[in-house]
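Data block below; observations after.
Chain letters run A, B, ... following the sequence lines, proteins first, then strands; residues in each count from 1.
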Amino acid sequence: MKEILEGIHLNKIFRDGDSLVVAANDVSFTLHEGEFLGIVGESGCGKSTLLRLVSGLIKPDSGELTHDGEAYTGMSPAKTGRFLQMIFQDAYASFDPHMRMHRSILEAAPKNVSEEELVQLLDDLHLEAKLLEKRPGELSGGQCQRMSIARAILSGADILLCDEITSALDVVTEAQIVSLLQGIRQKREFSMMFVSHNIALVSQLCDRMIVMHDGQIVEAGTTKELLENPKQEYTKKLIASSRMQSL
Amino acid sequence: MTKRKQLLIRIIICATVAGLIVLATMFASFLAPNDPYATSAAAIRQTPSAQYPFGTDNLGRCIFSRVLYGGRTTIGATFLLVAISFVVGTLIGMLCGYFGGIADRLLMRIADVALAFPQMVIAIAVAGILGGGIFGAMLALGITMWISFARLARSHTYSMKNQSYISAAILAGKSNWYIITRHIFPNLLAPLLTNGLTQIGVTMVGISGLSFLGIGVTPPTAEWGAMINEARAYIQLSPWAVFFPGLAIAVTIIVFNELGDLVMDYREM
Amino acid sequence: MLEIKHLSAGYEGEQTLHDINLTMQPGEILCIVGESGSGKSSLIRAITGYKGLQVTEGSICFGGQELMRGKRACANGVMGREIGLIPQNPEGSFNPIRTFEKQFREMFASHGMSMEEAQIEGAFETVGLQDYKRILKSRPYEMSGGMNQRIAIAAAMLLSPKLLICDEATSALDVTTAQLVMDELLQMRRDLGTGILMVTHNLGIAKHMADRIAIMYQGELVEIGPCQDVIDHPQHAYTKQLLESAPRMSA
């Protein structure tokens, strides 16, 4: 399978008052075309930082990022937005509270997007077109998050970066979003990096998984490999705990 | 009735009174019964009457007419000054908050220093150097007033900058100018307008105060503070010449301050 | 041990609990599962006598003793020693600016117990906290939410109550830390026979801990039964939906 996105030896250190936080420590990964890649780990493991590094919203201290074989390290997020889009944890905060959904959603879209295309996409996401006239505060959390998926897909980007996109939603809505993502995957070509602390959820959705801890990649592999035969102690502990906390 | 509704009713009452005051001064030339600048040796220090509702002053000028015209000076200058400070302060605050960096730190330190002195002290010093005149007074007050808008705009922009919808707009390829004007400014407008309302009362006190001290509006231009200053010399002979412009200042400031406070309360509910 | 009959309660103008009936045996683990707005937090607040919540009908008995006094339960006599509470957000249960040592000492004193450091060390270790001396010297505001939560759990454990109420006690924790807490709760029940009333939105946790599971939905208790029965043969439509939605580990 073709490699669409690659991170090579990425490093990022944050300054927090007087102390330094190593958020990414020599992180390397590959995302293949059409693949759903899960990034799991506990709070503070650096999984969200990795996503922001990939998006270009923050710049790595060192290391390289490539898209389709071409380096884009340090590229401004206004340009990375052409091939990747982010979906955020707090769906409400990812829309301007004063703007109607219609305008927000079209912000990232190319100029020639037709109204039919938009309505078709909303339909795929089980959203009614009349919701476009509403502001984010008037939508439910699930509707709002589906709108942000619509925005990302409509932009034409073929890589979606999802940052804990279901963790603010209840279980039933979460399951809906996950099955919608699986559904659109059949209709539209896109790849995804899916960051979540919920390993059971990632195991259902993603083809491969990366386990992170303290800013480092502990283990990576196909979901099946990792679940059935984890090699690192930390991965074993994480998976065993997750098993005890899911059905 | 809910608290919110009660508050709304009070806001409407206050806004109506404020509107009436502004209208009355705007249409002073139609409402004033006499020429505010016409002196009359025959009507010096007359008590209020049908012809002179608020009486006359030491030069026989109609105080009612002068209060109306004086309001035009005070309120007009106040609105203009608040509007200019609003625009300048908001723009600077948004740019500082959005881009950060050295310019931001420098401007905010200047703001801190300027805020360390009472506004009126700086204004008196500056107006004194400029030697009076309405524009001198406005400049003197404006030197510190933009800061309140700038700080408010900066802090809101700064916290908004980290919201996901700004990140989403950046990834959508939108320019900084687009993000500032379409996303940040509309979300700042409400708190900034509230601040503008509360600044109106303060500014009126400032302009009338400087005029009272003789370093604002210069006679014979009608202005409430200047009128009190002129009339205080003969306060025992004709107290109405001090009382009515004083009443006008008090009522106007109370109404605008109350309006600002109520709107702020309403927004916080 | 705990008996709730025909309990209805709510906040001003809004009924959040409708005719709840449930009983708990000593040493039993009962998990109440529901999503936000299901009324599960209201139920806990009713039992612990939360001030804002008004009980409109019903009774709450603990150990044969009626807790209801007028509009709310008065658990003063039993709270702490007999009934322990691990809240969802521990910030509320500690004074932020006093050291843990002082607060622990006070807590023990008010229940007529002496404070033994070895005990505290043990309790801290079971929730994954090392260096108990340093923690005792620090103050709640200096700690992260997860740390405070673990300390609150350790505190509740130290008092070894007959009934421990856990209000989403693990939902703010990382999965491995949550596991430590779950294991410790099971250990407590085994060693001390502590009954545990656990409120959670996670059916997975309920499946692995509970003797019985109760499902709440829109202020009503829609289903209650032995753990395996509820998981394998759900009766109520909502339970079925929850079971379908809950993520499973799968390759």
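Heavy atoms of other residues, nucleotides or ligands lying less than 6.0 angstrom from CZ of B/Phe99 number more than 12. Residue B/Tyr158 qualifies as open at atom OH: its count of foreign heavy atoms under 6.0 Å is 12 or below. Other residues, nucleotides and ligands contribute more than 12 heavy atoms inside 6.0 Å of the NZ atom of A/Lys59. In the displayed structure, A/Leu20 atom CG is contacted under 6.0 Å by more than 12 heavy atoms of other residues, nucleotides or ligands. Heavy-atom neighbours of B/Tyr178 OH from other residues, nucleotides or ligands within 6.0 Å: above the threshold of 12. Residue A/Lys134 qualifies as open at atom NZ: its count of foreign heavy atoms under 6.0 Å is 12 or below. Taking a 6.0 Å sphere around CZ of B/Arg10, one finds it holds 12 or fewer heavy atoms contributed by other residues, nucleotides or ligands.
Between atom OH of residue A/Tyr92 and atom CD of residue B/Gln163 there is a gap of 14.5 Å, rounded to the nearest 0.5 Å. Summarising the geometry, atom OG belonging to A/Ser104 is positioned 12.5 Å from atom CZ belonging to B/Arg182; distances are rounded to the nearest 0.5 Å. If you take OG on B/Ser164 and CD1 on A/Ile87, they are separated by 12.0 Å, rounding to the nearest 0.5 Å. Between the CG atom in A/Leu57 and the CG atom in B/Leu171 there is a gap of 4.5 Å [rounded to 0.5 Å].
Looking at A/Asp96 and B/Ile166, their side chains never come closer than 4.5 Å, going by heavy atoms from C-beta outward.
With chain B as the partner, the residue from A/Ser55, A/Ala108, A/Pro97, A/Ser155 showing the most heavy-atom pairs under 4.5 Å is A/Pro97. Taking chain B as the reference chain and counting heavy-atom pairs below 4.5 Å, the highest number among A/Pro77, A/Gly81, A/Pro136 is found for A/Pro77. Of the residues considered (A/His98, A/Glu107, A/Arg52), A/Glu107 shows the highest number of contacts with chain B, using heavy-atom pairs under 4.5 Å.
For a residue to count as touching a neighbouring chain, one of its non-hydrogen atoms must lie under 4.5 Å from one of that chain's; by this rule A/Met99 touches chain B with the side chain only. With a 4.5 Å cut-off on non-hydrogen atoms, A/Phe88 touches chain B through its side chain but not through its backbone.
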